[in-house]
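As C-alpha cells, the structure follows; a few thoughts come after it.
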Amino acid sequence: DTEVTQTPKHLVMGMTNKKSLKCEQHMGHRAMYWYKQKAKKPPELMFVYSYEKLSINESVPSRFSPECPNSSLLNLHLHALQPEDSALYLCASSQEYRIYGYTFGSGTRLTVV
Amino acid sequence: GQQLNQSPQSMFIQEGEDVSMNCTSSSIFNTWLWYKQDPGEGPVLLIALYKAGELTSNGRLTAQFGITRKDSFLNISASIPSDVGIYFCAGQLVGDSNYQLIWGAGTKLIIKP
C-alpha cells in the first residue's frame, strides 16, 4: 500500500460546527504532515508529527487541532472556523522527518460558510 | 521569509514541444524537489536532487541541481496532454534546523488545443 488516504474528499461546514479531517497511511512512515493550500498557491505547512509526537506547529490558530492517535493515523479537528479557512487540506507522510520523499493524499476540499 | 522564484508562472505549449522551467534563490539549498499537481489532487513527487550538479531523469523529465546550489531546472521533453498541471519546486535550506521545505509559486503548464 503506497497511498495516503484522506477523508472526506469534500466538506462544507458552518462557522459554529465541529468537524474532523482524517488521514491514514500504511507505509510504515513515521512522519506525517498537515498542509493547507489555497487556490493557485503552493502548500503551506501547518503541523508535523514525528513518531506520533507534534514536532512543528507553524503558528496555526487554535481552531485547528491536530491529533496523531497512532503511527498510521492523523486527524485534524476543526472548530469555529472562518470563511478564510476554506482551502484544500493536504495530508502527507514520509519515512522520517527530514526525508523529503513526501507522499501526499488527494486532500479534503473544505468550504466554510 | 525565504523565497524561491519559480518561472515561468504559466506556459502555453503545443503537444510535442519541449518545456523548461526553473527555480532560483539568493540562498543555498541542500535539497531540491520537483512536484506535479493535477486539479483536485495532492502533489506527486517527480524528481528529488541532493547534490550540487546532480542531473537526474525520470522518463521524459530531467532535472538538475545547480552547481551554485541556488537554483534548479526541470525539463520535459516531447510534451503530451497528461503533462498538463501545476509544477512546484521545493527546497530545503542549508542551516535550517527545522529542515522545512520552501516552495516555489508553481508553473502552470497548459497545452494549446
Side-chain angles (χ1 to χ4, degrees), chain A residues 2-11 21 23-25 27 29-50 54-60 74 87-111, chain B residues 1-11 21 23 25 29-51 54 56 58 63 65 72 74 85-110:
Chain A
T2 56
E3 284 188 343
V4 173
T5 304
Q6 288 187 246
T7 56
K9 202 156 174 63
H10 301 275
L11 179 62
L21 309 185
C23 174
E24 191 168 1
Q25 58 88 13
M27 294 177 280
H29 288 177
R30 302 315 301 265
M32 295 185 77
Y33 312 79
W34 280 115
Y35 278 86
K36 174 183 177 181
Q37 187 177 28
K38 300 285 258 184
K40 300 181 184 179
K41 298 288 187 187
E44 297 173 43
L45 184 65
M46 299 174 73
F47 301 105
V48 179
Y49 273 83
S50 178
L54 184 64
S55 296
I56 302 260
N57 174 343
E58 284 292 314
S59 303
V60 179
L74 188 65
L88 181 68
Y89 287 84
L90 292 162
C91 175
S93 70
S94 64
Q95 270 187 315
E96 304 264 344
Y97 186 42
R98 306 176 193 177
I99 294 179
Y100 301 106
Y102 296 176
T103 301
F104 280 90
S106 297
T108 294
R109 175 72 59 191
L110 175 68
T111 304
Chain B
Q2 299 291 344
Q3 279 196 322
L4 283 182
N5 300 308
Q6 184 170 352
S7 64
Q9 192 175 7
S10 60
M11 302 181 74
M21 60 191 78
C23 278
S25 176
F29 286 78
N30 277 327
T31 299
W32 284 99
L33 306 167
W34 285 93
Y35 284 89
K36 182 190 179 216
Q37 188 171 22
D38 292 327
E41 298 293 330
V44 173
L45 183 65
L46 300 173
I47 292 179
L49 302 160
Y50 299 106
K51 283 192 268 192
E54 183 179 353
T56 297
N58 178 4
F65 193 142
S72 177
L74 175 71
I86 301 178
Y87 292 79
F88 290 103
C89 65
Q92 193 264 313
L93 279 169
V94 168
D96 178 4
S97 58
N98 283 330
Y99 294 87
Q100 291 188 39
L101 286 181
I102 311 292
W103 291 74
T107 295
K108 187 172 185 177
L109 193 62
I110 303 157

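Keep in mind that this is a model prediction, so the values were computed, not measured. Each chain gets a letter, A, B and so on, in the order its sequence line appears, and its residues count up from 1.
- Under the rule for a salt bridge (charged side-chain N to carboxylate O under 4.0 Å, His left out), the partners of A:Arg30 that lie at least two apart in sequence or sit in another chain are A:Glu52.
- Of the residues listed (B:Leu4, B:Leu74, B:Ile47), the one engaging B:Trp32 in a side chain to side chain contact (heavy atoms under 4.5 Å, CB included) is B:Leu4, and it is the only one.
- For the options B:Leu45, B:Leu101, B:Asp38, B:Thr31, heavy-atom pairs under 4.5 Å to chain A are most numerous at B:Leu101.
- For the set A:Pro43, A:Ala92, A:Cys91, the entry with the most heavy-atom pairs within less than 4.5 Å of chain B is A:Pro43.
- Ranked by heavy-atom pairs under 4.5 Å with chain A, the list B:Gly106, B:Gly40, B:Pro43 is led by B:Pro43.
- For residues 34-43 of chain A, the side-chain hydrogen bond (donor to acceptor under 3.5 Å, both in side chains) pairs, not counting sequence neighbours, are A:Gln37-B:Gln37.
- Under the 30°/60° scheme for interplanar angles, the aromatic rings of A:Tyr102 and B:Tyr35 are found to be tilted.
- Using a 4.5 Å cut-off between heavy atoms, B:Gln6 makes no contact with chain A at all.
- Taking the side chain as every heavy atom from C-beta outward, A:Thr111 and A:Leu11 never approach each other to under 4.5 Å.
- In terms of heavy-atom pairs under 4.5 Å with chain B, the best-connected choice from A:Lys9, A:Arg109, A:Glu58 is A:Glu58.
- Neither the backbone nor the side chain of B:Ile86 comes within contact range of chain A; no heavy atom of the residue lies under 4.5 Å from a heavy atom of that chain.
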